[in-house]
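Below: the structure, in structure tokens.
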Amino acid sequence: MHQCLTSLRVGDPMSEGPLHHHSFPPSFSESSVQPGPRMESLPEAVLIRILASIPAVDLVLACRLVCCQWKNLVDGAALWILKCQQEGLTGAESQENAENWQNFYFLSKKRKNLIKNPCGEEDLQHWGEVENGGDGWKIEELPGDFGKEFPSEEVHKYFVTSYEWCRKAQVIDLRAEGYWEELMDTTQPKVVVKDWYAGRSDAGCLYELCVKLLSENEDVLAEYKSETVAIPQDNDANWTEISHTFSNYGPGVRFVRFEHGGQDTLFWKGWYGVRVTNSSVTVEP
């Protein structure tokens, strides 16, 4: 037995024991394994498609810092054009340079109505500086007495004024809503304001809208004030939209102050004044 063991030489099949039966065939030897392509060797179009699958915030905060090539792609137009196309964001064809494409994407994703409780579903919650002339503000169901249905089926209620002037306002903190200072100061995206008003068909009324863009210290940097709209008695009671777009307003905007109101012109006790609903403030590319 001792002779048998000592007669085995290293390299003989039997001297390798079970390792011989689990060794890799020559085609899988380490020397034959070829390394895969490195990321930087990929065609730019392929790399852009890979990056486009990554969340936008990660692209800006992480991927952009990996290397100069990735930074240039994240700062360029092609990546954001592709992300806009993939996510069905409209209007992208109007953008002309790389910076606008990236801003267009983020602003489009963040687009929402910054006015809270625009249709009176929560009574007067979120509205401040409320002036309750006459019998004050009241919330009513559409279409209301001597009224018309609203153009959108999603709107069910409206605010109505009384026989003396009624006003209410909201102040929107843009930073709290996610619009950072550099964006507002450098890009100066459009601030679009809309409101809807109507009268009763049996009563005349007045309506006003005033919107201000304010600085950190609440200085007025830009302002829109409508004329006083007079709706006569025996009107058609149709809903009318009023809108204004702020652009090129300069740096420093931090707040938007929205105020509207009105009253009736017959001084009837109750709620015969102007009706308002579906107010909106949006920040857009």
Side-chain angles (χ1 to χ4, degrees), residues 103-104 106-108 110-134 136-137 139 155 158-162 164-199 205-231 239-263 273-285:
N103 287 335
F104 176 87
F106 279 104
L107 288 168
S108 297
K110 290 179 66 63
R111 185 183 300 175
K112 65 177 181 178
N113 186 4
L114 302 178
I115 292 287
K116 296 178 173 61
N117 186 27
C119 304
E121 296 290 346
E122 302 173 76
D123 295 321
L124 285 169
Q125 188 173 350
H126 303 296
W127 292 95
E129 303 177 52
V130 178
E131 183 177 336
N132 281 306
W137 287 96
I139 292 89
V155 178
Y158 59 84
F159 302 92
V160 58
T161 59
S162 190
E164 290 181 356
W165 205 267
C166 297
R167 290 186 178 87
K168 58 186 176 69
Q170 282 192 35
V171 176
I172 299 163
D173 184 337
L174 293 171
R175 283 176 301 191
E177 295 291 345
Y179 299 96
W180 58 99
E181 295 180 1
E182 183 182 359
L183 176 72
M184 297 305 301
D185 293 347
T186 305
T187 304
Q188 296 177 28
K190 293 181 290 187
V191 178
V192 181
V193 180
K194 297 180 180 180
D195 201 17
W196 288 81
Y197 65 88
C205 58
L206 304 175
Y207 165 83
E208 286 183 1
L209 171 66
C210 181
V211 184
K212 299 176 181 179
L213 305 186
L214 306 177
S215 70
E216 180 75 33
N217 299 320
E218 300 190 3
D219 298 320
V220 178
L221 301 180
E223 180 177 8
Y224 168 75
K225 187 171 184 179
S226 73
E227 61 181 359
T228 300
V229 178
I231 300 175
W239 286 93
T240 300
E241 184 184 50
I242 184 172
S243 66
H244 178 75
T245 299
F246 292 95
S247 60
N248 300 318
Y249 39 76
V253 172
R254 301 293 179 263
F255 302 95
V256 180
R257 186 182 186 278
F258 178 102
E259 179 188 293
H260 62 181
Q263 67 173 84
V274 72
R275 299 166 170 181
V276 294
T277 195
N278 205 37
S279 311
S280 67
V281 173
T282 55
V283 178
E284 302 185 5

T161 side-chain N/O to V274 backbone N/O, donor-acceptor pair under 3.5 Å: yes
Side chain proximity check, N278 to W239, heavy atoms < 4.5 angstrom: no
Presence of salt bridge, R257 and E259, under 4.0 angstrom: yes
Full working for side chain to side chain contact (heavy atoms under 4.5 Å, CB included) between T187 and F106: CA-CA 12 Å; T187 304; F106 279 104; over 6 Å; no
Minimum heavy-atom distance C205-G199, with the two atoms named: SG-CA, 3.8 Å
Gap between atom OG1 of T186 and atom CG of N103 - 0.5 Å precision: 9.0 Å
Side-chain touch Y249/V191, heavy atoms, less than 4.5 angstrom: yes
Parallel, tilted or perpendicular, as decided by the 30° and 60° cut-offs, for the rings of F159 and W137: perpendicular
Gap separating the SG atom of C119 from the OH atom of Y158, nearest 0.5 angstrom: 13.0 Å
Under-4.0 Å salt bridge between R254 and D219: no
Over all atoms of both residues, closest heavy-atom pair of G133 and C166: O-SG, 3.3 Å
Close side-chain approach of M184 to P251, heavy-atom, < 4.5 Å: no
Approximate separation, where rounding is to 0.5 Å, of H244 NE2 and S226 OG: 11.0 Å
Donor on one side chain, acceptor on other, E208 and T228, under 3.5 Å: yes
Atom of E164, atom of G134 and distance for their closest heavy-atom approach: CB-N, 3.3 Å
Step-by-step side chain to side chain contact (heavy atoms under 4.5 Å, CB included) determination, V171 to V256: CA-CA 6 Å; V171 176; V256 180; over 6 Å; no
Evaluation steps, side chain to side chain contact (heavy atoms under 4.5 Å, CB included), between L209 and V276: CA-CA 10 Å; L209 171 66; V276 294; over 6 Å; no
Heavy-atom neighbours of K110 NZ exceed 12 at 6.0 Å: yes
Side-chain heavy atoms of F246 within contact of V211, under 4.5 Å: yes
Sole residue of W127, W196, Y197 in ring pair (Phe, Tyr, Trp, His ring centres under 6.0 Å) with H260: W127
Residues Y224, I242; criterion side chain to side chain contact (heavy atoms under 4.5 Å, CB included); working and verdict: CA-CA 12 Å; Y224 168 75; I242 184 172; 3.6 Å; yes
Residue pair E122 / K116, side-chain heavy-atom distance below 4.5 Å: no
Between CG on residue D195 and OG on residue S280, distance to nearest 0.5 Å: 8.0 Å
R175 and E181 ion-paired at < 4.0 Å: yes
N117 side chain vs D123 backbone, donor-acceptor pair below 3.5 Å: yes
Side-chain (S215) to main-chain (G252) donor-acceptor, under 3.5 angstrom: no
Short side-chain to backbone donor-acceptor contact, T282 and E284, under 3.5 Å: no
S279 to I115 - nearest heavy-atom pair and separation: O-CB, 3.9 Å
Between CD1 on residue I172 and OH on residue Y179, distance to nearest 0.5 Å: 9.5 Å
Closest contact, heavy atoms only, P285 versus S108: CG-OG, 3.7 Å
N/O donor-acceptor pair under 3.5 Å between Q188 side chain and G250 backbone: yes
E182, CD atom: more than 12 neighbouring heavy atoms under 6.0 Å: no
Distance, nearest 0.5 Å, that separates CZ of R167 from SG of C210: 9.5 Å
Any donor-acceptor N/O pair, N113 side chain to V281 backbone, under 3.5 Å: yes
